[in-house]
Amino acid sequence: MTPPSAYGAGHRLARHFFLDKDVVRMARALLGIYLVSEFEGRRTAGRIVETEAYRGPDDKASHAWGGRRTARTEVMYRIGGTAYVYLCYGIHHLFNVVTGPENMPHAVLIRALEPAEGIEHMLRRRGLPHLQYRLTAGPGTLSQAMGIRTEHSGIDLTAPQSPIWLEARQPPLPANQIVSSTRIGVGYAEECAKWPWRFYIKNNPWVSKK
DNA sequence: CGAATGATCGGCT
DNA sequence: GCCGATCATTCGA
């Protein structure tokens with residue numbers, strides 16, 4: 001896994017981090033990781049505190065359920081470390097990290113961040129006057145705060161020039177700091193709706209819902 | 001080509 | 001707690 005030398009700000013997570021075939025384990029591993037963006041010199045960063053796993057072909061809640069391949073979902077079949085961003089309810093740009101080897105359409109939805117850098121840029125993008133949980137607690141709000149849009153779908157998060165990337169600034173979280181629950185907003189997915197594939201950091205106030 | 005549908009959010013009752 | 005916003009995507013005719 002990630003060697004100790006990879007910890008610290010300024011070190012982009014490399015390809016091998018994203019290749020675990022178990023997307024549920026990846027959703028846990030992404031907790032505590034920092035999501036960073038830089039557009040036109042404006043850097044923003046936040047610590048991932050909430051995620052959800054979407055497991056390709058056998059998960060009815062996944063856009064790749066049944067092995068569906070469409071123009072939109074094609075990037076889900078790329079190698080782990082690719083960004084998958086799609087528009088939800090015509091308004092919200094939801095950011096996912098594609099995980100696993102090529103042709104395995106697994107993705108982890110990033111649902112909430114604890115703001116860390118560039119909070120003034122985040123506030124401006126969100127149209128908020130001061131720091132509050134509404135800034136980045138929720139998948140649509142965090143994408144807006146970070147400047148992430150559907151046009152970024154398909155970018156390689158591990159590329160040296162990518163405007164969006166991930167950093168491990170601290171060791172992995174101990175298991176007793178992670179809480180799991182059912183995923184949000186997937187009631188239509190029948191039996192898959194019961195799978196406890198939402199994960200969040202225990203007692204963290206930036207988590208989107210109770 | 002038309003119609004239905006969201007992996008949500010924020011304002012209002 | 002309820003509900004409307006708003007549009008790319010998908011599927012069926």
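Excluded from the calculations below are hydrogen atoms, water molecules and symmetry mates; all remaining heavy atoms, backbone and side chain alike, are included. Note on naming: letters A, B, ... go to the chains in the order of the sequence lines (proteins, then strands), and numbering restarts at 1 for each one.
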| Any stacking of A/Tyr86 on C/dA8, going by centres under 5.5 angstrom and planes within less than 30 degrees? | no

| message | In this structure, how many angstroms lie between the C1' atom of C/dT9 and the NE2 atom of A/His93, rounded? | response | 14 Å

| query | With respect to the side chain of A/Arg134, which nucleotide from B/dA7, B/dG10, C/dC11 is positioned closest? | reply | B/dG10

| Under the 3.5 angstrom rule, does the side chain of A/Asn96 hit a backbone N or O of A/Tyr84 as a donor-acceptor pair? | yes

| A/Arg111 has an atom CZ; how far is it from atom C1' of B/dA7, in whole Å? | 7 Å

| Distance in angstrom units between A/Arg183 CZ and B/dT8 C1', rounded | 16 Å

| note | Assert: residue with more 5' nearest nucleotide on DNA chain B, out of A/Tyr188 and A/Leu128, is A/Tyr188

| said: OP1 or OP2 of C/dT9 versus the side-chain N and O atoms of A/Thr70: is any pair under 4.0 Å? | reply: no

| message | Mind checking if A/Leu87 touches a base, just sugar-phosphate, or nothing, with heavy atoms under 4.0 Å? | response | sugar-phosphate

| said: Counting only side-chain nitrogens and oxygens, does A/Arg198 get under 4.0 Å of the OP1 or OP2 atom of B/dA7? | reply: no

| query | At under 4.0 Å between heavy atoms, what does A/Thr150 touch on the DNA or RNA strands: base, sugar-phosphate, or nothing? | reply | nothing

| message | Measure NE2/A/His92 against P/C/dT6 and give the value in whole Å, please. | response | 11 Å

| note | Tested for salt bridge (Lys or Arg N to Asp or Glu O under 4.0 Å) against A/Glu52, the lone hit among A/Arg111, A/Arg28, A/Arg183 is A/Arg111

| Rounding to a whole Å, what distance do you find between A/Gln144:CD and C/dT6:P? | 14 Å

| Rounded interatomic separation in angstrom, taking CD1 from A/Ile148 and C1' from B/dA7 | 16 Å

| Should A/Arg68 be listed as having a side-chain N or O under 4.0 Å from OP1 or OP2 of C/dC11? | yes

| query | Atom CH2 of A/Trp65 and atom C1' of B/dG6: how far apart are they, to the nearest Å? | reply | 15 Å

| request: Identify the nucleotide, in any strand shown, that forms a Watson-Crick or G-U wobble pair with B/dA4, with both distances under 3.5 Å; if there is none, say none. | output: C/dT9

| Nucleotide of B/dC9, B/dG6, B/dA7 approaching A/Met76 most closely (side-chain heavy atoms) | B/dA7

| Side-chain H-bond candidate by donor/acceptor type, A/Ser153 with A/Thr150, under 3.5 Å | no

| query | Of the nucleotides B/dG6, B/dC9, B/dA7, which has the atom closest to the A/Pro139 side chain? | reply | B/dC9

| note | Side-chain atoms of A/Ile91 come closest, of C/dA5, B/dC9, B/dA7, to C/dA5

| query | Passes side chain to side chain donor-acceptor pair (under 3.5 Å), A/Gln144 versus A/Arg125? Steps please. | reply | CA-CA 6 Å; A/Gln144 185 178 34; A/Arg125 289 173 182 146; over 6 Å; no

| query | Does OP1 or OP2 of B/dA7 have a side-chain N or O of A/Arg72 closer than 4.0 Å? | reply | no

| request: Counting heavy atoms from C-beta on, name the nucleotide in B/dG10, B/dA7, C/dC11 closest to the side chain of A/His63. | output: B/dA7

| note | Partner of A/Ile148 under side chain to side chain contact (heavy atoms under 4.5 Å, CB included), picked from A/Leu94, A/Val85, A/Ile110, A/Ile155, is A/Val85

| query | Rounded to whole angstrom units, what separation is found between the CG atom of A/Leu94 and the P atom of C/dT9? | reply | 13 Å

| said: Less than 4.0 angstrom from a charged side-chain N to a carboxylate O is my criterion; do A/Arg169 and A/Glu114 meet it? | reply: no

